[in-house]
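See structure below.
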Amino acid sequence: MIVETKHLIKKFPVGKSFFTALNDINIHIDKGEFLGLVGPSGSGKTTLLNIIGSLDVPTEGNAHVLGKSIKDLSAKESAILRNRHIGFIFQTYNLFPVYSVYENVEFALLLQKKTASERKTAVMQALEWVGLTDKAKARPNAISGGECQRVAIARAMVKNPELVIADEPTANLDKANSFHILDTMKKLNKELSTTFIFATHDEKVMKFLDRIIYLEDGKVINDETIKTESL
Amino acid sequence: MFKFIYNGIIRDINRSLLPIIVVTLGVFFTIFLSGWIQGVLFDMIEINANFTNGHVKVMTQAYAENESQIPNDLAIIGVEELMDSIEKDYPEMEWVSRIQFGGLLDVPDKNGETRAQGAAVAKAIDFSNEKEIERLNIRKALVKDNNSRLPKKSGEILISDDFAKRFHVNIRDEVSIIGSTMYGSMMFSNYIVCGTLRFGNQLLDKGAAIVDIADARRYLEMEDASSEIFGYFKEGEYNNENALKIKNTFTHKYTKDDDEYSPTMKTLTDDQNLGVYLSMTENMSAIMVSVLIFILSIVLWNTGLIGTMRRYSEFGVRLALGEQKKDIYKTLIYEAIIIGLIGSITGTVLGLIGVYVLQENGLDISGMMKNITMMMPTVFKAKLTPNLFYIGFIPGLLAMILGNALAGRAIFKRNTAKLFKELEV
């Protein structure tokens with residue numbers, strides 16, 4: 001099991017009272033799932049991603065990610081969990097503009113203190129997965145939005161994480177690029193058995209998902225496994 | 001990671017250019033101003049040492065008490081023997097005797113009657129001692145327009161160019177000094193003007209006259225006597241520690257409490273003002289460095305804050321990717337060290353060039369010094385000293401690190417729970 005939440009509640013202080021962003025969430029996510037958290041704005045998708053990604057902690061209940069109790073992790077242990085086991089893909093790519101594509105992907109491995117040769121092998125492999133080996137020396141401002149998001153995928157995948165978390169990864173992409181990105185992630189999911197969790201309300205993304213968890217007002221209102229489009 | 005940081009600094013001009021410029025300018029001014037102020041103060045001390053104080057000065061105790069009145073009746077007697085003795089005791093010093101005396105400088109007409117008179121403070125030195133001529137800068141002070149030259153024979157005098165112009169005295173004119181001998185009787189000495197002097201300092205130029213010490217001794221009845229004996233370190237520069245040692249041993253050997261005519265010694269720092277100047281030259285670098293660190297730190301703190309805001313997304317991504325806050329903070333400090341080093345080296349090179357240029361050429365401010373009565377140089381020169389090669393690194397590096405360290409604290413306030421929202425923008 002990759003993720004398990006039990007009676008997970010997350011509240012945020014609003015003035016003198018509290019806003020309940022997540023209310024009694026109980027989900028299981030297994031290795032190799034290609035799963036989406038779907039729901040309108042304010043439904044709790046990103047809050048749940050934050051907790052699964054060890055960026056935040058539950059108010060009540062708990063989440064276990066890769067066997068680690070999120071509630072009990074120190075800041076340092078959370079950082080180590082993210083560094084070694086979780087990849088992140090953001091809506092706006094968030095590449096480092098002054099570094100090349102190669103260096104952007106390499107950064108995650110620098111944090112792991114891998115040797116230069118280990119880094120080179122892993123980075124070239126990751127760029128090959130996303131079809132950008134020829135753009136290794138380019139800067140982010142010299143490549144397209146779709147290519148930037150593929151670099152972000154390579155950066156998330158280069159450390160071979162068990163789990164990749166993506167928050168609206170296609171929100172800034174056109175249909176063709178969205179398809180390309182999702183196709184790439186789906187292939188990696190199948191080939192490497194990496195678990196992908198998306199937060200999305202993009203119809204294009206939903207067509208690729210194996211499982212959709214619908215959230216509304218911080219609650220799971222539906223959890224369905226679906227038959228996806230063939231690749 | 002070093003390569004990652006270094007590449008970031010080199011490629012991201014916004015991250016590095018402004019701090020490098022700030023550090024470079026700060027270091028440049030630290031070095032340039034330190035070198036310049038040290039040079040000016042050093043010159044002030046040297047001028048005072050050369051003209052009035054020596055590095056050490058020997059007088060009788062009684063003369064020392066009334067020094068400002070130039071009381072030659074209290075002068076040292078038995079100078080030859082005393083000079084022989086102190087030359088043996090302190091071979092590291094060069095000793096010279098001088099006589100100062102005041103009087104009226106009288107300019108006669110062609111009938112020998114007084115045409116003009118003015119007060120003069122005359123200095124009698126040994127013109128056969130080339131170092132004395134150099135020390136008092138006489139050769140350079142000789143006015144070239146009227147064929148001035150140094151005295152070559154007995155009975156020749158150099159007078160200030162101001163005096164000569166005021167009283168229409170020409171080269172080869174006869175002048176007289178009217179004063180009193182060491183024993184109080186009237187002294188009337190005749191001289192031929194062989195040159196006029198312009199030192200560029202009112203204190204020296206107003207009513208100054210310089211004669212050979214042998215002539216002065218004869219006229220003032222000061223055979224084997226001298227107002228003062230000046231001691232100069234042979235290595236050239238004043239050394240306060242050694243000067244105090246010499247003073248202590250001299251006092252122990254020669255000064256007698258019950259004899260006011262026994263010799264006593266003063267060091268350059270015994271003059272209150274010069275002591276302050278000397279202390280300033282020693283502390284100037286520390287003062288400059290402290291001020292610059294303070295100013296630069298504030299500037300670089302703000303620069304760092306702007307940089308941290310600009311790189312808000314970068315730090316957010318790095319946190320999300322699993323870099324710890326303290327590690328991001330460390331990289332900011334490493335960046336500060338690299339930027340500080342680049343700025344410090346550049347600023348040091350530029351500062352040293354500036355100091356060297358000002359040391360060689362100086363800044364002539366004689367036009368502004370006409371009414372200044374302090375003994376100070378009219379050409380402000382810098383002085384290239386060994387400490388200038390490293391003092392810039394202290395404010396350069398320290399201020400940069402301090403600035404980034406203060407600005408970087410914002411990292412620790414970052415809430416990782418908000419990263420996804422923050423990075424959506």
Side-chain angles (χ1 to χ4, degrees), chain A residues 10 12 21 45-51 53-58 74-100 103-113 116 119 139 152 155-156 158-159 161 165-168 171-172 199, chain B residues 1-20 306-332 334-335 338-339 342 408-425:
Chain A
K10 181 67 188 178
F12 294 107
K45 304 186 296 288
T46 304
T47 307
L48 187 53
L49 276 191
N50 276 335
I51 292 171
S54 76
L55 294 168
D56 203 356
V57 289
S74 66
K76 184 181 177 182
E77 287 166 337
S78 293
I80 291 169
L81 179 66
R82 292 197 299 274
N83 179 13
R84 296 192 184 153
H85 304 289
I86 304 174
F88 287 87
I89 300 169
F90 305 97
Q91 182 179 321
T92 49
Y93 331 132
N94 283 296
L95 300 180
F96 304 139
V98 297
Y99 295 101
S100 67
E103 288 164 333
N104 265 280
V105 178
E106 186 189 27
F107 180 73
L109 301 176
L110 282 174
L111 298 179
Q112 293 184 358
K113 297 189 168 49
R119 294 199 304 268
R139 297 272 184 89
R155 182 173 64 185
V158 71
K159 55 193 178 186
I165 289 173
D167 188 24
E168 307 277 7
N172 290 337
Chain B
M1 192 50 111
F2 175 80
K3 199 178 162 196
F4 178 82
I5 295 167
Y6 179 78
N7 284 341
I9 290 170
I10 297 300
R11 293 175 195 168
D12 186 1
I13 295 296
N14 292 324
R15 190 184 309 182
S16 51
L17 189 62
L18 183 61
I20 286 175
I306 294 165
T308 308
M309 283 162 67
R310 199 176 54 79
R311 295 167 70 190
Y312 199 72
S313 297
E314 179 198 323
F315 296 146
V317 173
R318 286 167 65 176
L319 285 172
L321 293 180
E323 192 169 7
Q324 292 182 55
K325 289 175 180 176
K326 68 177 172 63
D327 291 330
I328 295 177
Y329 189 74
K330 267 190 217 166
T331 61
L332 285 177
Y334 296 149
E335 282 182 11
I338 295 169
I339 289 171
I342 294 171
R409 289 178 310 161
I411 296 287
F412 293 103
K413 292 174 185 164
R414 198 80 185 263
N415 186 352
T416 53
K418 293 179 180 169
L419 286 179
F420 269 124
K421 285 288 172 206
E422 289 169 354
L423 296 173
E424 273 178 16
V425 182

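So you know, we letter chains A, B, ... as the sequences are listed, proteins then strands, and number each from 1.
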Is it the side chain or the backbone of Arg311(B) that comes within 4.5 Å of chain A heavy atoms, both, or neither? neither
Which bit of Lys113(A) is near chain B, if near means a heavy-atom gap under 4.5 Å: side chain, backbone, both or neither? neither
Ring pair (Phe, Tyr, Trp, His ring centres under 6.0 Å) against Tyr93(A), all qualifying residues, sequence neighbours excluded: none
Is Arg84(A) atom CZ crowded by more than 12 heavy atoms from other residues, nucleotides or ligands, each under 6.0 Å away? no
Using non-hydrogen atoms and a 4.5 Å limit, figure out which bit of Arg139(A) sits close to chain B: side chain, backbone, both or neither. side chain
What I want to find out is whether Lys3(B) reaches Glu106(A) closely enough, with some N-O distance under 4.0 Å, to be called a salt bridge. no
Report the option among Leu49(A), Leu55(A), Ile51(A) that has the most heavy-atom pairs separated by less than 4.5 Å from atoms of chain B. Leu55(A)
More than 12 heavy atoms of other residues, nucleotides or ligands under 6.0 Å from CZ of Phe12(A): is that the case? yes
Contact list (residues 317-329 of chain B to chain A, heavy-atom gap under 4.5 Å, by number) returns Val317(B), Arg318(B), Leu319(B), Ala320(B), Leu321(B), Gly322(B), Glu323(B), Gln324(B)
Below 4.5 Å, heavy-atom pairs only: which of Ile80(A), Ile86(A), Asn83(A) has the largest tally toward chain B? Asn83(A)
Using non-hydrogen atoms and a 4.5 Å limit, figure out which bit of Tyr99(A) sits close to chain B: side chain, backbone, both or neither. both
